[in-house]
**Q** 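Take a look at the following structure, please.
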Amino acid sequence: MLAEGLGVLAAAGGTAVVQAAGTSAWQGLQQSIAQWFARGDGARQRVELERLDRSAAALETAQDDEQAGVRSGQQGAWQARFEQALENLSDSEREEAAEVLRALLQTHAPADGAEAPADGPTIRGNVDIRADHGSVAAVQMRDVTVGFPPQPGPQQG
């Protein structure tokens, strides 16, 4: 079983795949994730790219009434894949892989608000929400920015 921080990282990876699919961030994230899983194996990288393409296609073709379930399923599947990949590494390899994954998520995940809905706020930073044993959820925010994404200029649409 992974340490809590690595579980959170795996969840962030799954979320990034789902959020980036179909956006301008997809190609860079897709390439980086495939490389991360492949760890230098070109054949495995091609397999990972195909797997990522299938996920993006499933998200894109889901009907409106299926969208939430498909998104949740894809996020969970990718989280599990990240967790399994990290669990299969030695301690030193795991720490190195985690650092690389953190960096690629920070670089490629659509967190700049460009793909965020124009009618709602965006939140960037570390947010931890917990509700244990039927309690009310407590929200802890560290280094968080809450705001509305910039509106596109006339040349952007």
Side-chain angles (χ1 to χ4, degrees), residues 2 4-89 94-129 139 141-153 155-157:
L2 287 178
E4 183 179 345
L6 293 178
V8 170
L9 179 61
T15 299
V17 168
V18 170
Q19 289 180 345
T23 71
S24 60
W26 178 245
Q27 188 172 11
L29 181 71
Q30 178 190 33
Q31 290 293 324
S32 294
I33 287 177
Q35 289 172 352
W36 185 86
F37 275 107
R39 301 179 60 81
D41 181 338
R44 183 167 177 206
Q45 184 172 342
R46 285 186 294 281
V47 169
E48 295 301 334
L49 286 169
E50 290 172 8
R51 184 174 279 133
L52 286 157
D53 280 338
R54 287 192 303 271
S55 291
L59 290 161
E60 185 177 314
T61 59
Q63 301 298 315
D64 289 341
D65 60 335
E66 304 171 324
Q67 202 53 244
V70 171
R71 291 178 69 80
S72 177
Q74 288 295 324
Q75 192 278 333
W78 281 100
Q79 177 180 343
R81 293 208 66 243
F82 283 113
E83 287 174 350
Q84 183 179 26
L86 290 166
E87 284 176 347
N88 290 335
L89 299 172
R94 184 178 305 118
E95 192 54 42
E96 181 181 336
E99 287 303 315
V100 170
L101 182 56
R102 279 186 199 97
L104 80 85
L105 291 175
Q106 190 165 30
T107 300
H108 296 290
D112 63 356
E115 302 295 337
D119 60 347
T122 60
I123 300 173
R124 292 182 58 163
N126 299 318
V127 179
D128 187 21
I129 302 173
V139 179
M141 296 185 185
R142 297 176 307 277
D143 301 316
V144 173
T145 303
V146 178
F148 287 86
Q151 298 299 312
Q155 71 277 14
Q156 295 174 317

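Quick caveat: nothing in here was measured; it's all calculated off a predicted structure.
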**Q** Ignoring hydrogens, what is the shortest heavy-atom contact between Val70 and Ala58? Give both atom names and the distance.
**A** CG1-O, 3.7 Å
**Q** Would a distance-only check, ignoring hydrogens and angles, find a side-chain to backbone donor-acceptor pair under 3.5 Å from Gln75 to Ala11?
**A**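 Yes, the answer is positive, given that a donor and an acceptor are paired below the 3.5 Å cut-off.
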**Q** For the atom pair CD (Gln45) and CD (Glu50), what is the distance rounded to the nearest 0.5 Å?
**A**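 The CD atom of Gln45 sits 11.5 Å away from the CD atom of Glu50.
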**Q** To check you understand the geometry: which heavy-atom pair defines the closest contact between Leu89 and Ala97, and what is its length?
**A**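 Closest heavy-atom pair between Leu89 and Ala97: CD1-CB, 3.5 Å.
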**Q** Which atom pair, heavy atoms only, marks the closest approach of Leu86 to Ala98?
**A** CD2-N, 4.2 Å
**Q** In the structure I gave you, are the side-chain heavy atoms of Phe37 and Val47 within less than 4.5 Å of one another anywhere?
**A** no
**Q** Which atoms form the tightest heavy-atom contact between Trp26 and Ala56, and what is the distance?
**A** CZ2-CB, 3.7 Å
**Q** Below 4.5 Å, heavy atoms only, C-beta onward: do Leu52 and Trp78 meet side chain to side chain?
**A** yes
**Q** State, with a plain yes or no, whether a side-chain heavy atom of Leu9 is found less than 4.5 Å away from one of Arg102.
**A**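 In contact.
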**Q** Has Glu99 got more than 12 heavy atoms of other residues, nucleotides or ligands less than 6.0 Å from its CD?
**A** yes
**Q** Using distance alone, with no hydrogens and no angle criterion, decide if Gln79 and Glu83 have a side-chain donor and acceptor under 3.5 Å apart.
**A** yes
**Q** For the atom pair CG (Leu101) and OG (Ser32), what is the distance rounded to the nearest 0.5 Å?
**A** 10.0 Å
**Q** Kindly check if the number of other-residue, nucleotide or ligand heavy atoms within 6.0 Å of CD (Glu66) is above 12?
**A**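 It does: Glu66 CD has more than 12 such atoms within range.
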**Q** If you define the side chain from C-beta out and look only at heavy atoms, does anything of Leu29 sit under 4.5 Å from Leu104?
**A**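 In short, these two side chains touch, coming nearer than 4.5 Å.
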**Q** Is Glu48 salt-bridged to Arg44, cutoff N-O under 4.0 Å?
**A** yes
**Q** I'd like to check Val17 versus Arg81 (side-chain heavy atoms, cut-off strictly below 4.5 Å). Are they in contact?
**A**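 A side-chain contact is absent here, since even the closest heavy-atom pair is not under 4.5 Å.
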